[in-house]
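Within every chain, numbering begins at 1; the chains are lettered A, B, ... in the order of the sequence lines, protein sequences first and strands thereafter.
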There are 2 protein chains.
Amino acid sequence: MNSRPGAKMADIARLAGVSASTVSRALAGSPLVTALKREQIHRLAHERGYVINATARNLRLQRTQTLSVAIPSGHATSQPLTDPFLMEMLGHLADTITQRGYGMFLQKVVPPMVDWLPQLIASHRSDGIIVIGQSTEHAALEAAAARYKPLVVWGGHLARQSYCTVGSDNVGGATAAVAHLIRAGRQRIVFLGDPAVPEIGLRYHGYQLAHECAARQPVLPPIIPTHLTADAAHEAMRAFIAASGSFDAVFGATDVIAVSALRAISAAGLAVPREVAVVGFDDIALASHANPPLTTVRQDLQRGAHELVDLLFRRLEGEDTPSVVMPAELVVRESSG
Amino acid sequence: MNSRPGAKMADIARLAGVSASTVSRALAGSPLVTALKREQIHRLAHERGYVINATARNLRLQRTQTLSVAIPSGHATSQPLTDPFLMEMLGHLADTITQRGYGMFLQKVVPPMVDWLPQLIASHRSDGIIVIGQSTEHAALEAAAARYKPLVVWGGHLARQSYCTVGSDNVGGATAAVAHLIRAGRQRIVFLGDPAVPEIGLRYHGYQLAHECAARQPVLPPIIPTHLTADAAHEAMRAFIAASGSFDAVFGATDVIAVSALRAISAAGLAVPREVAVVGFDDIALASHANPPLTTVRQDLQRGAHELVDLLFRRLEGEDTPSVVMPAELVVRESSG
DNA sequence: TTGAAAGCGCTACCAC
DNA sequence: GTGGTAGCGCTTTCAA
């Protein structure tokens, strides 16, 4: 392991008294080269700390053994990448991809996001792409998917969409959450989140559905924070309360939003869950640690990550995989009474 | 942007009626090619969705415009990569690296970890390496740093270490935390964490120092959970209480450990902070949301990420940068009374 | 100002 | 079984 810097295959070949071809074959475990020679070459390479140059290999083989993970950070904000949901998903993806012997190329996509996807594709940095969250990029995804197959997206499954998604049953999960609030006797349930983002839109749809099932009208328009961030949600909730909006429950489109609302509500002197019930979506670690612990809709991110990677590998082999919608489960805790 | 798949530079050259050399120069913004021609070529490339093949470019230039971020996952465990501290650091690194126009190659290092660092180096996948956490890899880092310069490590700064680290003042932070407990009248303070991990060892040193300053003996041996995970910490705390260990305070080596201890303590029917005070280290998001909110030592991870990347870039330019120790600040919340 | 040609380090074809 | 050779797509001399 005495790594002479910059040893290359030709050097190993010279030391072993064979050609580069043979070294290449030996290191690839080809049965063409005799076992003895193969072992000698392996030993020599190991002694010298020689490792195949990934760049040269990739160029020659026209593949990189690497998957890109792209994270569109939404709207016109350059917020740091600290959203707990994203981070959790990223962790699971790193595990799964590493386990399959691939590298992971991480790309944060910041506004203005022009042509980032075609560029990422054409740069040939990776063999396939996972995009976490549609954000505002539905159109870009549609366009790219028409020509580029090894692409999978975490997010909501929209009607007539041609790219492959993995995501939870946003409509069903949201319906269950809001129905739970209605059953608990809540009359004026506020939706907090921006329905323009596909996943959030589906959750808002579930919110409406639950009201219809109960023969109710959603009495309030949704509150739309400027971004999917904790601060924006906190401020939106605070402003709503200050404007003396009357309500007895909040359905936060994500846990980050719901927990922020929780704090704004407490800060305004309202008791949770007695005066206001709060429900979120995601079941990130924060949810069970909130005060009071947050009722929410659980998404199985580990399974989600597995599905994403699995589908992408199948696409790499030419299969035209369909989207996957995973069940989402209501987890009742104290914040909803 | 009508991306004909697989267009290469020669194709663009043919379409433009020039040679590949000229296209290369034009796209690189070379002043050698006339402004007019340069613009034509740019337009043509854009129309065709042509992007330079990163692999070929990297091979030719012998650099990748990519930094590796390696995460040793410690001990003999294949736990999923979900530690909030790591995730937060990763997010900041992604931001900083992206902002500097580099790609980020993420590598999770799982046991058995033989030669991962020399191999990562020799694979030439990236121009430099950031390692998050020394974990059990101090020796590997020492060995690699002797030959390979563009390497920086997040972690504790140990005596006579030859690799470049960025980290908080673990000793000072821990001393402040424990001194705070002693001032509050706590008599029997338990340390929860494994001092064999460099950063944790330094924090344990601070724990001892605070006792010495107060002319006290640490009355209890440290409790050593099997891993740096929430479950292991919870179990270690539970077992300690069940064995009727007597104590009135806990210093958790990380927030994840402290919050787990908090729960085990509450579950055992002990009141926090009345009967047992709890203090952590890191100030991750979880800390302020714990019940009661956790007193802890704040590390500025955003600044840490900036320092790491900045030092690495300076090393890429040949500078031999020294380590950086950042101040760590005690944040008093309710868990310590 | 431009183009031809060499070569980055590797793999795979083809001949022996 | 093994080695010579071509070529992956790009950048950069060097010569014109």
Asn58(A) atom CG is separated from dC10(D) atom P, nearest whole Å, by 15 Å
B/S/- along nucleotides 9-16 of chain C (protein heavy atoms under 4.0 Å) is BBBBB---
Rounded to whole Å, the CG-P distance (Leu36(A) to dG1(D)) equals 13 Å
So ring-ring contact (aromatic ring centres under 6.0 Å, His included) across residues 107-146 of chain A, not counting sequence neighbours, yields His138(A)-Tyr163(A)
How about Val69(B) and Gln107(B): do any of their side-chain heavy atoms sit closer than 4.5 Å? no
- Check whether any side-chain heavy atom of Pro150(A) lies under 4.5 Å from a side-chain heavy atom of Ile129(A), and answer yes or no. no
From CZ of Arg38(B) across to P of dT2(C) the rounded distance in Å is 11 Å
To the nearest angstrom, the CZ-P distance between Arg125(A) and dG9(D) comes to 17 Å
In the structure I gave you, are the side-chain heavy atoms of Arg57(A) and Arg63(A) within less than 4.5 Å of one another anywhere?
yes
Check your understanding: Are side-chain heavy atoms of Pro198(B) and Gln161(B) found at a separation under 4.5 Å?
Key -> no
Rounded to whole Å, CD of Gln40(A) lies from P of dG1(D) at a distance of 16 Å
Q) Taking C-beta and beyond as the side chain, do Phe313(A) and Leu67(A) meet within less than 4.5 Å on heavy atoms? A) yes
